[in-house]
Participant: 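The structure under discussion is supplied below as structure tokens; questions concerning it will follow.
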Amino acid sequence: MKRELGIARCGLACCLCSENDKCSGCNSDACPDKDWCDNRRCTIEKGISHCYECNEDCKKGLLNKIKPYAFTLFAKRYGEEKLLDCLEANEKSGIIYHRDGINGDYDDFNSVEKFIDFIKTGKR
């Protein structure tokens with residue numbers, strides 16, 4: 001885990017992404033998605049660094065997918081440091097964020113609350 005990369009504006013875990021060695025993140029002008037990312041554009045317009053800092057319960061952009069939405073909701077409730085702590089503990093216990101071309105352990109949830117419980121406990 002590259003904890004210093006933290007969480008993307010939309011909530012995805014840059015710190016665990018398999019592409020974090022070639023991506024400079026959503027705060028970089030070199031971000032390959034900067035022109036189409038609604039979450040990046042919206043947070044910049046609102047003057048905030050992450051969607052979890054917003055008071056709205058929105059499903060704009062990548063927040064229409066359960067993983068970034070659940071990570072964002074977790075960070076709203078417990079803070080980014082707690083999210084990073086949980087992700088780091090889960091990684092140490094063998095939980096995989098994702099693999100190239102294959103779903104990881106954080107994929108295939110259909111309930112946000114079950115997903116949040118999984119983040120906290122590392123157990124399905």
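Every value quoted in this text rests on a predicted model; they were computed, and no experiment measured them.
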Participant: Below 4.5 Å, heavy atoms only, C-beta onward: do Lys82 and Phe74 meet side chain to side chain?
Facilitator: yes

Participant: Honestly curious: do Leu83 and Tyr78 fall in one hydrophobic cluster under the side-chain, below-4.5 Å linking rule?
Facilitator: yes

Participant: Taking the ring centre of each residue, are Tyr52 and Phe71 less than 6.0 Å apart?
Facilitator: no

Participant: At what distance, to the nearest 0.5 angstrom, does SG of Cys14 lie from NZ of Lys2?
Facilitator: 11.5 Å

Participant: Do Thr43 and Glu53 make a side-chain contact, defined as non-hydrogen atoms from C-beta onward lying under 4.5 Å apart?
Facilitator: no

Participant: How far does CG of Leu87 sit from CD of Glu80, to the nearest 0.5 angstrom?
Facilitator: 10.0 Å

Participant: Give the C-alpha distance, both sets of side-chain angles, the deciding distance and a yes or no for side chain to side chain contact (heavy atoms under 4.5 Å, CB included) between Glu81 and Arg3.
Facilitator: CA-CA 10 Å; Glu81 285 305 307; Arg3 191 178 179 107; 2.9 Å; yes

Participant: Could you report the tightest heavy-atom contact between Lys76 and Glu56, atom names first, then the distance?
Facilitator: NZ-O, 2.7 Å

Participant: Are any side-chain N or O atoms of Asp38 and backbone N or O atoms of Leu62, one a donor and one an acceptor, separated by less than 3.5 Å?
Facilitator: no

Participant: Is there side-chain contact between Glu113 and Leu73, with heavy atoms separated by less than 4.5 Å?
Facilitator: yes

Participant: Take a 6.0 Å sphere around CD of Glu4 and say whether it holds more than 12 heavy atoms from other residues, nucleotides or ligands.
Facilitator: yes

Participant: Under a 4.5 Å cut-off applied to non-hydrogen side-chain atoms, are Asp105 and Asn90 in contact?
Facilitator: no

Participant: What distance separates Lys67 NZ from Asn103 CG, expressed to the nearest 0.5 Å?
Facilitator: 7.5 Å

Participant: Phe109 and Ile116: side chain to side chain contact (heavy atoms under 4.5 Å, CB included), yes or no, with the steps?
Facilitator: CA-CA 10 Å; Phe109 279 86; Ile116 288 173; over 6 Å; no

Participant: Distance check, rounded to the nearest 0.5 Å: Ile48 atom CD1 versus Cys54 atom SG?
Facilitator: 5.0 Å

Participant: So which heavy atom on Leu84 is nearest to which on Cys15, and how close?
Facilitator: CD2-SG, 3.7 Å

Participant: For Ala8 and His50, which heavy atoms make the closest approach, and how far apart are they?
Facilitator: O-CD2, 3.3 Å

Participant: Contact between Asp57 and Tyr69 at the side-chain level, heavy atoms closer than 4.5 Å - yes or no?
Facilitator: yes

Participant: Rounded to the nearest 0.5 Å, what separation is found between the CZ atom of Arg9 and the CG atom of Leu63?
Facilitator: 13.0 Å

Participant: How many angstroms lie between atom CZ of Arg40 and atom SG of Cys51, to the nearest 0.5 angstrom?
Facilitator: 12.5 Å

Participant: Would you mind reporting whether Tyr97 and Leu12 have side-chain heavy atoms less than 4.5 Å apart?
Facilitator: yes

Participant: Mind listing the closest non-hydrogen atom pair of Gly11 and Thr72 along with its distance?
Facilitator: CA-OG1, 3.5 Å

